[in-house]
Amino acid sequence: MTTPAAELVGVSQRFGSFTAVDSIDLQIPRGRLTTLLGPSGCGKTTTLRMLAGYSAPTSGRILIDGDDATRLPPEKRNLGMVFQSYALFPHMTVADNVAYGPKMRKVPAAERRRRAGEALELVGLAHLADRKPKQLSGGQQQRVALARAIAIRPRLLLLDEPLSNLDARLRVQMRAEIRRIQSETGLTVVLVTHDQDEALEMSDEMVLMRSGKIVQSGAPRDVFPAPADRFVAEFLGYENFLTLADGRQAAVRPEHLRVLPADTSAATSADGGIVLDAVVLDVAYRGVDLLVTLEATDPAGNAVRLLADHRADTATGPTPSAGDRVRLLAPEARLAHLSADSTAAPTAPTTAPTASTAPTEGIS
Ligand SMILES: Nc1ncnc2c1ncn2[C@@H]1O[C@H](COP(=O)(O)OP(=O)(O)OP(=O)(O)O)[C@@H](O)[C@H]1O
Ligand SMILES: [Mg+2]
């Protein structure tokens, strides 16, 4: 097995009596894109800052390329970092911004011009090398910040919500761009986000955090259909929670709950799954589908409020309307069985401001 690009071993970060990161173990696989995902205040930035060396863990060890780097200052780690506010130097050209990191590392002038050119090529901005940052759009500035981090040839590229300042369309484009750059360069990337779609689309490996702890990690294809507990399920958009007859908890997504006529035979569940009698409370028109709110009794006898996406083009049976009695089918293959232990815990994110970061930290 190859050494991970970086590793956190029992790492904690305490601020006074508050534990922001709580004894996490994490391996960052080499040449892949890992995302840290979780609600505001769960410790993502704190984790990234410890990896980068801007703050030392209260306890635990950080290994980079297998070597203990726990006490190594940021400039000795050779990591590239892009913060949410990308903080370009306004008085320097794009090319000089990108060449800044190599310059600080005493790379000779010709070589750093070459590297800056290469990095700008990679992000598709070679033609804007002589502009100043204020003559660029937000998305272009974002790419310059990326190029600047890449130009130092980092062992690890750390990105803290790098797309959050961009509008929705540009954000989606930049996701693909970052993926392309990552696969072309083979860089190891750690990206922080609180956007589940971003994490699902971009990650080789996604790491879900909650209250300073890692609650689940794995490839999106493995995590998405099998959330470990209710917190992860809610975070990934599972809206419906049922207690089964044996007391276990299960979750199902609105798009997988089928609304059928009330007289549908229970044999429909022959392929496994759960059949519930329900009453339609509300139907909201959403263009491609109807969002149907229902009240049902789950297999354990609890009254539950459920949501179903009803797509008129693929659904069988009549269009539901408020007051209808219907039958719901949650196919077995679509049920996510949740572990019992953490389902009772509160799921509301703790609100917390992002730790402020000085602009110069972006250029280590
Ligand atoms: N320097 C600090 N002093 C005290 N508390 C801090 C400090 N930095 C962070 N915290 C607290 O630690 C917790 C984790 O903060 P962190 O910035 O890592 O969250 P985050 O997951 O990045 O959230 P967001 O998505 O809002 O950026 C928060 O409750 C925050 O208030
Ligand atoms: Mg943060």
Side-chain angles (χ1 to χ4, degrees), residues 6 8-26 28 33-60 62 70 73-74 77 79-87 142 145-146 149 156-166 168 171 174-175 178 189-203 205-217 223 229 231-232 234-237 342 345-364:
L8 305 185
V9 185
V11 164
S12 295
Q13 179 69 269
R14 279 184 282 280
F15 298 112
S17 61
F18 176 74
T19 304
V21 172
D22 194 357
S23 190
I24 64 173
D25 294 303
L26 175 62
I28 308 295
L33 194 151
T34 300
T35 54
L36 301 183
L37 173 68
S40 185
C42 71
K44 305 179 298 291
T45 296
T46 305
T47 303
L48 211 62
R49 286 172 55 83
M50 289 191 287
L51 252 179
Y54 294 119
S55 68
T58 314
S59 57
I62 294 172
T70 314
R77 296 189 185 200
L79 312 178
M81 183 138 183
V82 176
F83 289 94
Q84 182 173 343
S85 57
Y86 22 89
Q142 185 64 67
L146 253 185
L156 267 176
L157 182 58
L158 308 177
L159 309 174
D160 193 353
E161 312 235 12
L163 309 181
S164 53
N165 286 348
L166 307 179
R171 199 155 59 222
M174 282 299 293
R175 288 179 192 167
I178 290 176
V189 179
V190 182
L191 182 141
V192 162
T193 179
H194 59 260
D195 182 329
Q196 47 137 331
D197 292 329
E198 199 163 292
L200 289 167
E201 187 178 324
M202 296 183 72
S203 312
E205 186 85 5
M206 60 198 272
V207 177
L208 274 120
M209 293 183 68
R210 175 200 195 184
S211 308
K213 291 195 166 76
I214 293 172
V215 286
Q216 192 171 1
S217 61
V223 173
D229 62 18
F231 167 81
V232 176
E234 283 184 357
F235 201 75
L236 295 179
S342 44
T347 52
T350 51
T351 47
T354 308
S356 66
T357 44
T360 47
E361 290 183 356
I363 318 123
S364 60

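Sequential numbering from 1 along the given sequence is applied to the chain's residues. Indexing begins at 1, ligand by ligand and atom by atom, following the structure's order.
Taking every heavy atom of F18 and a limit of under 4.0 angstrom, the matching atoms of ligand 1 come to 11 (C), 12 (O), 13 (C), 29 (O). Less than 4.0 angstrom separates some heavy atom of E161 from each of these atoms of ligand 1: 25 (O). Remark: ligand 1 atoms within the under-4.0 Å shell around heavy atoms of K44 are 18 (O), 20 (P), 21 (O), 22 (O), 23 (O), 24 (P), 25 (O).
Residue A20 has no N or O atom closer than 3.5 Å to an N or O atom of ligand 1. In terms of polar-atom proximity, defined here as any N/O pair under 3.5 Å, G43 does make such a contact with ligand 1. Backbone and side-chain nitrogen or oxygen atoms of T45 are examined, and one is located within less than 3.5 angstrom of a nitrogen or oxygen of ligand 1. Considering backbone and side-chain atoms together, F15 places no N or O closer than 3.5 Å to any N or O of ligand 1.
Rounded to the nearest 0.5 Å, atoms CD1 (I24) and CG (L8) are 5.0 Å apart.
For H194 against L37, the heavy-atom pair with the smallest separation is C-CD1, 3.8 Å.
In summary, T46 places no N/O/S atom under 2.8 Å from the Mg ion (ligand 2), failing the contact criterion.
With hydrogens and angles disregarded, no donor-acceptor distance shorter than 3.5 Å links the side chain of R14 to the backbone of S59. Remark: side-chain polar atoms of S211 are not paired, donor with acceptor, to backbone N or O of C42 under 3.5 angstrom.
The heavy atom nearest to atom 14 (C) of ligand 1, considering only G41, C42, S55, is found in G41.
Between D195 and R175 there is a salt bridge, since at least one side-chain N of the basic residue sits less than 4.0 Å from a carboxylate O of the acidic one.
The side chain to side chain donor-acceptor pair (under 3.5 Å) test applied to S55 returns Q13, not counting sequence neighbours.
Checking V189, V190, L33 one by one against I28, the side chain to side chain contact (heavy atoms under 4.5 Å, CB included) holds for a single residue, V190.
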